[in-house]
Amino acid sequence: MSLSLFPFKWPVRRAFPVLALGLALVGLTGVGPARAQAPAAPTASAVDAASATATLDPAAIYQARCAACHGAQRTGGMGPALLPESLERLRPAELLSVITRGRQATQMAGFGAAAGGPLQPAEIAALAAWVRSPVVPAPQWTDADVRASRVDGPPAPPDEPARPVWQADPMNLFIVVEGGDHHVSLVDGDKLEVIHRFPSRFALHGGPKFSPDGRYVYFGSRDGWITKYDLWRLRVVAEVRAGLNMRNVAVSGDGHWVMAANYLPRTVMLFDEQLNLVRSYPATALDGQGGSSRVSAVYDAEPRKSFVVALKDLPELWEISYDPKAEPIYDGYVHDYKMGEGIAKPGYLNIRRTRLDQPLDDFFFDPSYRDVIGATRPHPAAGGAAAQAATAQVVNLDVRRKIADLPLAGMPHLGSGITFEHQGRRVLASPNLQGGPDGTGRIDVIDLATWKPVAQIAVPGPGFFLRSHEKTPYAWTDSMMSPTAHDTLTILDKRTLKVVGQVREPGKTLAHVEFTRDGRYALASLWEMDGAVIVYDAATFREVKRLPMSKPVGKYNLYNKLTRSEGTSH
């Protein structure tokens, strides 16, 4: 079996064991088979021993055992990239376990001596530490590499009907990303049943994005792959590798453009709807000062016909218009741009820069899409002083400047915020990744007209997601960042801003709620390898049913995404 997303182009190499960390394709239906008893992975003491053993050469071990499938520079091939940026969410113990034991239903064999492999525990520990270190010199990924990586899926029959091969409401379809064995499940939102299940790239990230008609979905992986998949005909249309470490992708409101935000290389990449590279944008400041930047995120601002881009290391916010009639861009100061003063460049597909005092991490749009609400993560102050507290700020895209600071302490996760009407005013509610001194979490509620705090709602622990729907009076939030309350979902009343209920899965992790098209049911993720999508009645909070899944990290309702529901991410 090929270790790519789908086996239509990739060769199968049998001469070398495959170090396919995480890309475990555990069959096409259901959850993978139970594992046989496997030898234990190296312990922390083995890691210490490896560090102290000067004779070990993990680079040589890698070249002999791993490079054939993961690339000489660890940038990936038949197996995923083994770069620090790609492995940041893989726990050290899991990395040791994968090398030692392998993964079932893949070409990844166990390398541990007790499993019949060639490596001793100290060698495995040294190799695991080495693949988490930076590649020197840093690997390159050029526009030519991007273009060469693109592959088409099987051609469609000329007389094929343009309709789904399955029977369900296409607009009440859920896309469920299963991180445990790297699959995607399609769920009928009316019958609450799985329609189809297929393998995905390693570590999908940033949420899938849809074409305006709902037929196609675009997935982005940590390894930089973008996959266009036909939901109606259940097949891959095309794939391209936009970078080596990618944050997320966005699809334009008209469906003609796809944009990718990269950490490595430090670029923003623009593709057409068939994933042909159109243009790359180096993430650098206008004056060339300050070096380059990782790209935090890119989102589509459909009412503005533009993409908005946040840079992690440079204090700029970019807007790239895909409107052919976009106004010219004046990067310098002019007395009156209407008189044509200064030197302008076309507004179409060029960067309109907003200069900031501090870089933005993630961000959120207000309902008008004129204002960007962004978080500024802690960073070292001038002179090497201690890191400052995180803040949040509001940037107006029309006047191209910050218009307000938000009094949000901790680490607000604004990318997972929601807006709703409360007592005649539109408010923003955001979870917080950082707990208080007592370990509790909070939801911050801000008035979008005055940018003043309305309320702070206490929840059992810091969380990642807050979700709702316009047809329910309730919002659901997790506490998945808490060591003790990660098994709890808390339900808030949007009318009173009070906690009105909880659901729990004791000892497990419960997170990421998404609603059906009509808001009647709330679907939550039991975030475990032998997990499930749990369906709750959104009015009574009672469990209706559960669908077994392998670590369902996220689920996305097509209708809610396309209509920009006020209760979900866009």
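Values in this document were obtained by computation on a predicted structure and should not be read as measured data.
The local environment of NZ in Lys345 is crowded, with over 12 non-hydrogen atoms from other residues, nucleotides or ligands closer than 6.0 Å. Shown here is Tyr559, whose OH atom has no more than 12 heavy atoms of other residues, nucleotides or ligands within 6.0 Å. Counting non-hydrogen atoms of neighbouring residues, nucleotides and ligands closer than 6.0 angstrom, the NZ atom of Lys471 reaches no more than 12 such neighbours. Other residues, nucleotides and ligands contribute more than 12 heavy atoms inside 6.0 Å of the CZ atom of Arg564. The environment of Lys561 atom NZ is dense: over 12 non-hydrogen atoms of other residues, nucleotides or ligands sit within 6.0 angstrom. Other residues, nucleotides and ligands contribute more than 12 heavy atoms inside 6.0 Å of the CZ atom of Arg426. Within a 6.0 Å radius of NZ in Lys402, other residues, nucleotides and ligands contribute more than 12 heavy atoms.
Of the candidates Asn557, Asn560, Thr516, Asn557 is the only one forming a side-chain hydrogen bond (donor to acceptor under 3.5 Å, both in side chains) with Asn172.
One finds no salt bridge joining Arg400 and Glu319 here, because no Lys/Arg side-chain nitrogen approaches an Asp/Glu carboxylate oxygen to under 4.0 Å. Look at Arg201 and Asp223 and you find no salt bridge, because none of the NZ, NE, NH1 or NH2 atoms lies under 4.0 Å from a carboxylate O. At a threshold of 4.0 Å, the pair Asp493-Arg495 counts as salt-bridged, since one of the basic side-chain nitrogens sits closer than that to a carboxylate oxygen. The pair Lys508-Asp487 does not meet the salt-bridge criterion, since no charged nitrogen lies less than 4.0 angstrom from a carboxylate oxygen.
Side-chain contact of Thr509 with His486: a donor-acceptor pair under 3.5 Å is present, judged by distance alone. With no hydrogens or angles considered, a side-chain donor-acceptor pair links Thr568 and Glu514 at under 3.5 Å. Side chain to side chain, Glu178 and His183 fail the donor-acceptor criterion of an N or O pair below 3.5 Å.
Judged by distance alone, the side chain of Arg546 and the main-chain N or O of Val533 form no donor-acceptor pair under 3.5 Å. Side chain of Asn248 to backbone of Asn262: no donor-acceptor contact under 3.5 angstrom is found. Remark: the backbone N or O of Leu234 is not paired with any side-chain donor or acceptor of His196 at under 3.5 angstrom. Without hydrogens or angle criteria, Trp318 side chain to Ala283 main chain gives no donor-acceptor distance under 3.5 Å.
A search for ring-ring contact (aromatic ring centres under 6.0 Å, His included) contacts involving Phe541 returns Tyr474, Trp476, not counting sequence neighbours. Checked against ring-ring contact (aromatic ring centres under 6.0 Å, His included), His413 has the following partners two or more places apart in sequence or in another chain: Phe464. With sequence neighbours excluded, the residues that form a ring-ring contact (aromatic ring centres under 6.0 Å, His included) with Tyr299 are Phe363.
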- Task: Could you check Arg542 against Asp537 for salt bridge (charged side-chain N to carboxylate O under 4.0 Å, His left out), going step by step and ending with a plain yes or no?
- Result: CA-CA 5 Å; Arg542 293 175 180 169; Asp537 185 301; over 6 Å; no
- Item | Arg353 and Glu316: CA distance, side-chain angles, deciding distance, salt bridge (charged side-chain N to carboxylate O under 4.0 Å, His left out) verdict | CA-CA 6 Å; Arg353 300 170 189 261; Glu316 289 188 358; 2.8 Å; yes
- Could you walk me through whether Ile175 and Leu558 pass the side chain to side chain contact (heavy atoms under 4.5 Å, CB included) test, one step at a time? CA-CA 8 Å; Ile175 308 298; Leu558 194 148; 5.7 Å; no
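Ile443 places a side-chain heavy atom less than 4.5 Å from the side chain of Leu466.
A cation-pi arrangement, defined by a distance under 6.0 Å to the six-membered ring centre and an angle within 45 degrees of its axis, is present between Arg247 and Tyr263. A cation-pi arrangement is absent between Lys555 and Phe174, since the terminal nitrogen or guanidinium carbon is not both under 6.0 Å from the aromatic centre and inside a 45° cone about the axis. A cation-pi arrangement, defined by a distance under 6.0 Å to the six-membered ring centre and an angle within 45 degrees of its axis, is absent between Arg304 and Tyr369.
Rounded to the nearest 0.5 Å, atoms NZ (Lys305) and CG (Asp323) are 4.5 Å apart.
For Phe210 and Tyr556, the ring centers are positioned 6.0 Å apart or more.
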